[in-house]
Amino acid sequence: MTELISLTGVNKFYGDYHALRDIDLSIQTGEFFSLLGPSGCGKTTLLRTIAGFEGVSDGVVMIGGKNMQGVPANMRPTNMVFQSYAIFPHLSVAENVAFGLRKKRNMDKVQKDTAVAQALDMVGLKGFGARQAHALSGGQRQRVALARALILKPKVLLLDEPLSALDKKMREQMQVELIRLQRHVGITFILVTHDQEEALVMSDRIAVMFEGEIGQLDDPETLYRRPNSRRVAEFIGKMNFLDADVTSVGDRVTVAVEGLGICDVDAEQAPAGITLGKAAVGIRPETLAILFDGEATTRETIAGTVDEVVYYGDMTYYDVRIAGVADTLNIAMKNLIGRPVLDVGAATTVVWDARSLVLLP
Amino acid sequence: MSLRIYAIAYLIFLYAPIILLPIFAFNDATIIAFPLSGFTTDWFKALLTTKALHTAVQNSLYIAAVTALLSTTLGVCAARAGAMYAFPFKRSILGLVMLPLVLPEIIVAVSLLVVIVQIFDFGLSNWTVIAAHVLISTPFCIAILNGAFQNLDPAMEEAAMDLGESRWSAFRLVTLPLVMPGIISSMLIAFTISLDEFIIAFFLTGANPTMPVYIWGLLRFPSSLPVVMALGTILVALSIVLLTLAEILRRRGMARAGLRDKGGFL
């Protein structure tokens with residue numbers, strides 16, 4: 001893979017407001033890259049500086065080895081799918097898709113029509129060309145916006161929360177379609193989203209942003225299994241937090257965890273450069289378990305009491321209180337055959353494993 | 001029930017005087033009084049043969065057309081800036097632009113007369129009337145165009161630029177067609193305002209009076225009153241047609257962009 005986009009020391013100010021702080025980023029050709037974060041974290045601003053709608057106050061944006069300083073949006077090898085889709089309502093679907101071809105003087109009408117038909121076919125809108133744009137549904141608008149952007153064969157496709165306006169079913173369907181489309185066209189996709197699940201499902205790599213800076217940049221699995229800070233762990237998936245005290249470091253790290261006792265974990269489970277003293281330990285709800293009657297385990301167990309039960313159909317989430325811990329532990333259990341849904345107040349045995357602990361600074 | 005009577009009385013009070021216009025325009029008598037004495041189209045024929053009136057009408061049409069063009073252009077700039085950009089003192093600036101809407105026209109007329117004649121020492125001409133008419137009709141244009149621009153997704157122009165168009169062609173290819181019904185509606189309103197306006201024109205008109213000023217001049221001769229009635233009838237009809245056209249266009253524009261109607265002038 002070769003580097004396609006690089007951002008070096010990018011800062012952006014709106015008056016006194018520091019929207020982007022020292023962003024360094026390298027995105028590879030053909031990568032599906034996501035910018036994930038809560039609203040106001042600067043992810044859309046970052047996307048817009050790549051697109052050329054916002055200048056940078058400081059730093060360098062390079063696309064395909066060229067410095068983008070002073071290059072306006074219409075001269076950049078990027079195309080964007082807007083959050084509102086920005087479909088031109090006075091034009092037909094085909095005219096919308098063909099909009100970017102206006103400047104292509106080396107294409108004749110027949111070639112353009114063929115390109116439009118191919119683009120519509122690619123997004124599953126074959127035969128929709130003659131329809132009026134304002135009569136389309138949300139999902140169809142989204143597809144038109146995709147076709148309109150992809151017809152120009154950009155080096156980078158920028159997607160600004162493209163699925164947020166769709167309902168859950170439609171969103172999940174479009175996620176799969178977008179991944180398939182990206183593999184098919186081989187274009188670099190940069191997706192902005194506040195939906196951590198969407199980012200995990202779709203991306204090769206994810207940059208998690210908070211308050212204008214990148215908190216962690218990793219592939220989805222590393223991000224989920226080894227968050228590097230409490231705010232990343234909180235933002236991505238569910239996580240139980242326990243107070244802890246690091247007592248020795250080395251190849252193995254020894255840590256005294258609130259409620260669980262002394263644990264010996266691999267150095268990989270701890271952040272680089274961890275020091276002795278106060279720390280936090282994170283445990284994902286699905287790495288804990290409740291021991292039902294008739295089930296056995298070779299792992300660690302601890303006694304607890306069910307405090308809250310949330311039934312999801314395929315899963316049940318239990319909040320379980322264990323001795324010596326102020327907060328309850330959230331535990332996700334699959335509703336397998338023979339497993340009852342426990343009542344509030346039931347005495348249980350919680351199964352845990354030191355291998356699933358994540359030490360956080 | 002009493003409310004209904006009130007509403008009907010209110011409408012009669014508003015429109016009865018206007019209904020009198022066509023009645024006496026076709027009445028065969030120089031004195032404006034009941035009973036009616038017979039039907040005639042003489043007064044309309046008299047309109048056709050009055051040279052001075054023709055000059056006045058031409059003058060008025062010229063002034064109204066230029067006013068419509070200028071004030072709508074200014075209105076487009078103001079409405080676009082207001083809808084798409086954030087800048088310091090935006091609200092106060094837009095408020096100041098709308099002020100002529102509530103200023104008494106006589107004040108505007110007198111102060112403009114002072115400024116133009118005393119301070120700048122310009123001669124009065126059609127252009128002085130146009131300048132003043134632009135001043136009073138621009139707020140109406142902004143009000144109409146605001147509706148058109150406020151409903152516009154700012155991402156629309158960005159999308160056009162993203163697809164390779166320059167800033168100007170993005171505006172021309174995307175924004176302009178979408179606000180065009182608003183622009184035409186704004187031009188029609190400005191045209192109507194300028195055509196009917198009397199006080200400012202009376203103060204600022206040069207050697208050639210506008211139509212309302214000419215009518216006012218006729219009023220000194222009681223014998224020409226029925227002619228004025230005939231002219232008034234034509235003017236009222238024209239105004240109604242223009243305003244209706246403006247509103248139809250505004251609504252069509254909303255529907256075209258697939259938007260919800262949020263009011264207007266009619």
Side-chain angles (χ1 to χ4, degrees), chain A residues 14-15 17 44 47-48 50-54 71-91 95-105 119 132-137 141 144-154 156-162 165, chain B residues 76 79-81 83-91 93 145 147-186 248-262:
Chain A
Y14 292 108
Y17 181 64
T44 296
L47 193 78
R48 290 172 61 84
I50 297 173
F53 296 125
E54 309 272 354
V71 180
N74 51 343
M75 308 298 278
R76 294 195 183 194
T78 59
N79 283 116
M80 183 131 152
V81 173
F82 290 82
Q83 186 168 14
S84 60
Y85 309 144
I87 301 295
F88 308 132
H90 58 301
L91 301 179
E95 286 167 333
N96 262 282
V97 175
F99 195 89
L101 298 179
R102 293 174 51 91
K103 287 280 157 83
K104 302 272 180 212
R105 308 222 185 280
Q132 276 303 304
H134 63 77
L136 298 176
S137 73
R141 277 160 192 265
V144 174
L146 268 170
R148 189 176 69 176
L150 284 172
I151 198 168
L152 290 169
K153 303 196 169 62
V156 191
L157 183 72
L158 308 169
L159 302 122
D160 185 8
E161 306 243 7
Chain B
V76 167
R80 183 172 181 277
M84 294 192 178
Y85 300 105
F87 46 88
F89 309 111
K90 177 169 159 178
R91 290 181 72 91
I93 290 172
L145 290 163
F149 276 92
Q150 224 88 54
N151 282 318
L152 213 59
D153 181 1
M156 216 80 92
E157 263 185 41
E158 284 185 346
M161 282 192 268
D162 188 59
L163 294 166
E165 299 296 337
S166 67
R167 192 172 277 274
W168 163 247
S169 48
F171 175 77
R172 186 173 59 85
L173 292 168
V174 175
T175 307
L176 211 53
L178 288 175
V179 297
M180 192 45 89
I183 287 177
I184 293 171
S185 162
S186 151
I248 289 171
L249 281 166
R250 194 189 64 80
R251 288 190 189 168
R252 185 176 296 171
M254 302 286 277
R256 188 173 173 188
L259 297 162
R260 206 159 41 87
D261 201 337
K262 286 185 196 154

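Neither the backbone nor the side chain of A:R76 comes within less than 4.5 Å of any heavy atom of chain B. The part of B:D153 that comes within reach of chain A is its side chain, from C-beta onward, which places non-hydrogen atoms under 4.5 angstrom from that chain. For a residue to count as touching a neighbouring chain, one of its non-hydrogen atoms must lie under 4.5 Å from one of that chain's; by this rule A:I87 touches chain B with the backbone only. There is no contact between B:A170 and chain A, counting heavy-atom distances below 4.5 Å.
For the pair A:L146/A:L157, a side-chain contact is recorded, criterion being any heavy-atom separation below 4.5 Å from C-beta on. Looking only at side-chain heavy atoms (C-beta outward), B:E158 and B:D162 stay at 4.5 Å or farther from each other.
Take B:F171 and apply the ring-ring contact (aromatic ring centres under 6.0 Å, His included) test, not counting sequence neighbours, and it matches B:W168. Annotation: salt bridge (charged side-chain N to carboxylate O under 4.0 Å, His left out) contacts of A:E54 (sequence neighbours excluded): A:K12, A:R48.
If you tally non-hydrogen atom pairs under 4.5 Å between each of A:T78, A:V81, A:I151, A:N74 and chain B, the highest count goes to A:N74.
Among B:R167, B:R172, B:R80, the one residue that satisfies the salt bridge (Lys or Arg N to Asp or Glu O under 4.0 Å) test with B:E157 is B:R80.
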